[in-house]
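The structure appears below as structure tokens.
Letters A, B, ... are given to chains in the order of the sequence lines, protein chains preceding strands, and every chain is numbered from 1. Since we're looking at a predicted model, the values are computed, not measured. Atoms considered below: every heavy atom in the structure, side chains included; atoms not considered: hydrogens, waters and symmetry mates.
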Amino acid sequence: MIEFHSVTKQFPDGTLAVDDFSLVLPSRKTTVFVGSSGCGKTTLLRMINRMIDPSSGSIEIDGIDIASGSAVALRRSIGYVMQNSGLLPHRRVIDNVATVPLLKGVNKADAHAQALELLDTVGLDRALAHRYPSQLSGGQQQRVGVARGLAVNPNILLMDEPFGAVDPIVRDDLQQELLRLQRDLDKTVVFVTHDIDEAFLLGDQVVILEKGAQIAQVGTPKEILANPASDFVATFIGADRGKRRLAVDSTIARSGDDVVLVDGAGYVAGVIDAPGGVLPGAGVGGTTNSRARSVSNKTDQAGDA
Amino acid sequence: MVWLWDNLDLVLGLTADHVRLSIIPIVVGFIVCIPFGWLANRYTAARTVLLTLGGVLFTIPSLALFVMLPAILGTRILDEANVVVALCIYAVAVMVRGAADAFASVSRDVISSSTAVGFSAVSRFWTVEFPLAGPVLLASLRVVSVSTVSLLSVGSLIGVQSLGYLFVNGYQRDFPEEIVIGIGFTVLVAVVFDTVLVLLGRLLMPWTRRAPRRRAVTAIAAEVTA
């Protein structure tokens, strides 16, 4: 469990990145900080492993103030994955994965053996172990980054927009992989993104942030989607533009038992099973209570993770 | 050519002196530039001071420096130390800028992620920043190596033994063949030094020679898919 107690961060240039932020991040759940650029979400994340020290307030991990020990030891106990992987370009994949165990003094043979297993865990071919990061694709590098983050078997995994720089297909793949990993490994994951769909997909707890890391709303994806707390949240999740409100498009011919759903702007959002033209959970011809596959299936997966 | 065979011992002896005297400034320049370059990259004020100082030192004419140094160091006029120290000063002057650029060339992302995964400041410097600055450091070092080998010849004007002796002697005797042989051997020393540096670079920085192979592999993959 990670607890923020009235944390404030003002940078030397006067920018108030985080203003009196308090929140509990539950253990073994994924908490996603989501917000626009400059809202302070990355600052929050980097305060957890003391890359940035708060100006005031305190952060506790399992009840212990993180400022009480050494920053280096703290960082070695927390997994960290960043955008563009942050791998060491002069070390082979296997040594990159084994970086932290080697720093902690694990002998090389053991660290390497474990690194190979981690490559399996993140779905990478062991044949890549002796390549340099520049010889891998962006998606593969990101997987190596995740493997490195898991190498010390940390309880906490910090992820700073890790899938921001890869193409949509690879991103989708990596997101599913992370959901699978989270089911298997049960880490406390703190994930930063500016992509609300990614937040809803991955988060058990989603924290929508405004400037100065002010919490606009915190809750499960379902709670936020069903009850946006403010106009800001509604705009941010796209509800105000009708993006989240789906309706049956009667102009498109039905094929089999599927009915096409469109969003408020008229874009096709997905299909839904409607055996005999009856939507599940609704009366005959009812449309407003239907749960569209394209949106809800994402939140369902996040809830199960 | 006959002259070369008749005087082979002299030429080889001078070559050995030339190698011995030019290695010292190259090594010293490399070692000294690392802390200075790091400082210059880290602190803007240090950068201004160090790079300006380096620029000024490099503009002092070499002959003037060779003649001035005995007065400053208290060495004898003909002492080889004068030339070696002068060349060290030039080497450091050039290398500090190169080293500052080298440390600046290391990706901020890599440094910050190294910190984030738990490198201490010292281990991060030696195992991340220093090796990654290597390619740019090597480029500067190659410049310093060539310039040191060529500048050392000037030392012959104040009587320090090097291949420069062949220029001075050849000029005084109006004997061009000796001058040409002097130039040829100086170039040879410079080329050998440069080759050694490049090979050392490949040996110590294996990741830098991997990069082109990936392009080749990608190209083949592109052909296969095409």
Spacing of [atom1] belonging to [X] relative to [atom2] belonging to [Y], to within rounding of 0.5 Å:
| X | Y | atom1 | atom2 | result |
| --- | --- | --- | --- | --- |
| B:Leu204 | A:His90 | CG | NE2 | 12.5 Å |
| B:Ser114 | A:Arg75 | OG | CZ | 11.0 Å |
| A:Arg92 | B:Trp207 | CZ | CH2 | 11.5 Å |
| A:Arg46 | B:Thr115 | CZ | OG1 | 8.5 Å |
| B:Ser123 | A:Leu102 | OG | CG | 11.5 Å |
| B:Phe119 | A:Arg76 | CZ | CZ | 8.5 Å |

More than 12 heavy atoms of other groups within 6.0 Å of A:Phe4 CZ: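 Yes, the 6.0 Å shell around CZ holds more than 12 heavy atoms from other groups.
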
Neighbour count >12 (heavy atoms, 6.0 Å) for atom CZ, B:Arg20: yes

Minimal non-hydrogen separation, B:Ala116 against A:Asn49, with atom names: O-ND2, 3.5 Å

Closest non-hydrogen atom pair between A:Met82 and B:Ser113, with its separation: SD-CB, 3.0 Å

Residues 165-172 of chain A: residues contacting chain B (heavy atom under 4.5 Å, by number):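 The list, in residue order, is empty: none.
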
Residue part contacting chain B, namely of A:Leu87, when any heavy atom lies under 4.5 Å: backbone

Pair listing, ring-ring contact (aromatic ring centres under 6.0 Å, His included) test, anchored in residues 93-122 of chain A, at least two apart: none

Test item: B:Val117 and A:Arg148 side chains (from C-beta on) under 4.5 Å apart, heavy atoms: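 Touching, per the 4.5 Å side-chain cut-off.
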
Leading residue by heavy atom contact count with chain B [cutoff under 4.5 Å; candidates A:Leu103, A:Ile78, A:Val72]: A:Leu103

Side chain / backbone / both / neither for B:Ser107 at chain A, heavy atoms under 4.5 Å: neither

